[in-house]
Amino acid sequence: MKIFDTLSSAEKELDTSSIVRIYVCGVTVYDESHVGHARTIIVFDTLRRFLESQGTNMKFIQNFTDVDDKIIDRAKAENVSADTISTKYISSYFDGFDKLNVKRADSYPKATEHITEMIDLVKDLIDKDYAYVSKNGVYFAVSKFKEYGKLSKKKIDELVAGARVEVDETKRDPLDFALWKFVDDEPRWESPWGYGRPGWHIECSAMSLKYLGSNFEIHGGGRDLIFPHHENEIAQSECYSGENFAKIWMHVGMVTINGEKMSKSLGNTKSVDFVLSRWGPNIIRLFCLSGHYSKPIDYSEDMLKETITKWRQVENCYVELLHPIKDESPNRPESLDSKIVEPKIILYKKNFEDALKSDFNTSLALSSFFNIVNEVNNMAAHEFVTEHVSKLYLPEFKKMLEVLGLKIMEPIHEESVRIYELITKRNAFRAQKKYREADEIRQQLEHMGVILIDHKKRTLWIKQEKIGVGN
RNA sequence: GGUGAGGUGGCAGAGUGGUUAUGCGUUCGCCUGCAGAGCGAAUUUAUAGGGGUUCAAAUCCCUUCCUCACCUCCA
């Protein structure tokens, strides 16, 4: 498959013949995650699911930044340890993302557990004269790395001219960034240069090299990490290893709200917790995959409400496929012959996969998925979803759901029994044309989240996912 | 100011030279005991403005305008 690489500004072929190593920059655990984080994580989760569906072997690593000024500030404000804060938000992260049906990465390395590796890396950079010890810490000398700026397409002199960089007399060059910061307060670790904390970028270099080695296949994250985070990672890692750091840099666009980037500093975030209660996992996933991953998407109530409609159609399709009518009809239309149907499904499947193979175009892939959904619902309306049809459509439908990470609610057995009883009762009323009584039962079922589908000879029911309860 | 990505129907969103994806919305009609799902028609001869190349442009080139992101912590 092809993926757009930020570094070369071109689509690059991803080699899936051997193990695909992916490193995704995760979150700094100082607060609740929001939809912006969710989008990035969901995009990579879906990429991973797709590669798995193609039989690709991979190693998928995502870090937690658990030492950082904001964590420490928060800890001080709440009068607890930094560890208490990071532990709390890591657990909250998993709560949310498990609910979003995000598969667990192979490993979630934490910065604090890789201090030794980071120190070794810094030591090496000093030995090779790429870094120097100064009054406030150890810094990476940007001017020593000729290719600095290659990812973000920035010129070193223009960056200096920009002068938004912090002025620090102890640095040789204002662009130099900290690999190790000397500090007096906790948390801090011993190093050959004195007690301190690691700089922000060094953890990802140390951990990706440790778990994936040099020149791994995909390094991912949000667009806003391109500079300075990923730029600095490249500088450190390539000076250390002397090798290319990552083959493909894949960056996910921002989630905006009213056209503005969703971020903590703007105070316009919607937390994962909130959106889960408001929309549920499937709507959020569909929403996050509805546009191309590299472009921004705008969070709006209207968009998400539209997505609910689509999800209801998916649920409808699933129930119809699950309960096909007996395949005895002698006057089955020719259009339902395997000869006609099979190639169509093969085409949808191909379109779905081709879309994803072409720079992971989930938007286009979704249109194939909805081709199936709409086609099945159409057939269902005409009482054409036979066992024969279902056998052809259902497996492909399920595979797509799995790749997209969507999960249709399954009712519990006890409840099913009760629902079945009520439906039987209602149909008895209907047979007697006692529609008021029948409608009362339907309403009662609706309160249980159950929607009925009356067909000519039978009534199907959908246990709908409860959506739109939060506010 | 610099760098990057964009501007496609009422809305969302594909499409990188030639059959106007796909979905949602709205209106009307049909189907249904009524719903759900579905069908038909309309909204819709959509490609920011201007110029150019071409038999042919949303797609290539030039230009103007606009939006967003990054240049400070950020997914």
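Numbers restart at 1 for each chain; the letters A, B, ... are given by sequence-line order, proteins then strands.
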- With sugar-phosphate meaning primed atoms plus P, OP1 and OP2, does A/M262 contact a base, only sugar-phosphate, or nothing at under 4.0 Å between heavy atoms? base
- Identify which nucleotide among B/rA37, B/rC73, B/rG13 has an atom closest to any side-chain atom of A/P228, counting heavy atoms from C-beta outward. B/rC73
- Task: Mind checking A/K295 for me? I need base, sugar-phosphate or nothing, with any heavy atom below 4.0 Å counting as a touch.
- Result: sugar-phosphate
- Item | Options B/rG36, B/rA75, B/rC73, nucleotide nearest the side-chain atoms of A/I451 | B/rG36
- Query: Cation over ring, A/K70 on A/Y30, under 6.0 Å and within 45°?
  - Reply: yes
- Query: On a whole-Å scale, what distance lies between the C1' atoms belonging to B/rG18 and B/rC73?
  - Reply: 50 Å
- Can A/Y89 and A/R74 be said to form a side-chain hydrogen bond (donor to acceptor under 3.5 Å, both in side chains), step by step? CA-CA 12 Å; A/Y89 289 111; A/R74 182 114 189 193; 3.0 Å; yes
- Do the ring centers of A/H230 and A/H251 come within less than 6.0 Å of each other? yes
- Message: Is it true that A/S8 and A/D5 share a donor-acceptor pair across their side chains at a distance under 3.5 Å?
- Response: yes
- Using atom C1' of each nucleotide, how far apart are B/rA14 and B/rU72 to the nearest Å? 36 Å
- side-chain hydrogen bond (donor to acceptor under 3.5 Å, both in side chains): pairs with one or both residues in residues 300-310 of chain A, sequence neighbours excluded: A/R278-A/E301
- Between A/N361 and B/rG15, does any side-chain N or O lie under 4.0 Å from OP1 or OP2? yes
- Task: Return the set of residues passing side-chain hydrogen bond (donor to acceptor under 3.5 Å, both in side chains) with A/N351 (not counting sequence neighbours), or none when no residue passes.
- Result: none
- Query: When rounded to the nearest Å, what value does the distance between P atoms of B/rU8 and B/rA21 take?
  - Reply: 16 Å
With 3.5 Å as the limit, what N/O pairs link the protein to nucleotides 65-69 of chain B?
unit_1 : atom_1 : unit_2 : atom_2 : d
B/rA69 : OP1    : A/K261 : N      : 3.3

- Query: Would you say A/K264 reaches B/rA75's phosphate, i.e. side-chain N/O to OP1/OP2 under 4.0 Å?
  - Reply: no
- Query: Please walk me through it: do A/H34 and A/Y299 pass side-chain hydrogen bond (donor to acceptor under 3.5 Å, both in side chains)?
  - Reply: CA-CA 12 Å; A/H34 57 71; A/Y299 178 97; over 6 Å; no
- Option among A/K456, A/K457, A/H455 that satisfies the side-chain hydrogen bond (donor to acceptor under 3.5 Å, both in side chains) test with A/E383: A/H455
- Task: Could you measure between the two P atoms, the one in B/rA48 and the one in B/rG6, and give it in whole Å?
- Result: 14 Å
- Note on the structure: Of the candidates B/rA75, B/rG2, B/rA14, the side chain of A/L364 sits closest to B/rA14
- Message: Does A/K2, at its NZ atom, have more than 12 non-hydrogen atoms belonging to other residues, nucleotides or ligands within less than 6.0 Å?
- Response: no
- Message: Applying a 4.0 Å non-hydrogen cut-off, can you work out what A/V255 is touching in the nucleic acid: base, sugar-phosphate, or nothing?
- Response: base
- Taking protein heavy atoms under 4.0 Å as touching, what does nucleotides 23-34 of chain B look like 5' to 3' if B marks base contact, S marks sugar-phosphate-only contact and - marks none? BBS-------BB
- Inter-nucleotide P distance (B/rC39, B/rC24), Å rounded: 9 Å
- Task: For nucleotides B/rU26 and B/rG49, find the distance between their P atoms and express it as a whole number of Å.
- Result: 29 Å
- Query: So which nucleotide does B/rA56 pair with, by the Watson-Crick or G-U wobble rule with both distances under 3.5 Å?
  - Reply: none
- Query: Reckon A/L452 touches a base, only the sugar-phosphate, or nothing at all at heavy-atom distances under 4.0 Å?
  - Reply: base
- Query: Rounding to the closest angstrom, what is the interatomic distance between B/rG52 and B/rG17 at atom C1'?
  - Reply: 15 Å
- Whole-Å distance between B/rA37 P and A/W311 CH2? 15 Å
- Item | A/F94/A/Y108 aromatic ring centres below 6.0 Å | yes
- Given the side-chain rings of A/F216 and A/F245, with only the six-membered ring counted for Trp, is the space between their centroids under 6.0 Å? yes
- Using a cut-off of 4.0 Å on non-hydrogen atoms, how would the nucleic acid contact of A/H251 be classed: base, sugar-phosphate, or nothing? nothing
- Item | Pair partner, B/rA46 [Watson-Crick or wobble, under 3.5 Å] | none
- Message: Within the 4.0 Å heavy-atom criterion, would you say A/T28 contacts the bases, only the backbone, or no part of the nucleic acid?
- Response: sugar-phosphate
- Rounded P spacing from B/rU19 to B/rA58 in Å: 10 Å
- Item | Sorted by number, the residues of residues 90-110 of chain A with heavy-atom contact under 4.0 Å to RNA chain B | none
- Message: Categorize A/V252 for me: base, sugar-phosphate, or nothing, with a 4.0 angstrom heavy-atom threshold over every strand shown.
- Response: nothing
- Message: The criterion is side-chain hydrogen bond (donor to acceptor under 3.5 Å, both in side chains); which residues satisfy it with A/Y393, sequence neighbours excluded?
- Response: A/E375
- Item | Any side-chain donor near an acceptor of the partner, A/Y148 and A/N232, under 3.5 Å | yes
- Message: Under 4.0 Å, heavy atoms only, any strand: does A/H229 hit a base, just the sugar-phosphate, or nothing?
- Response: nothing
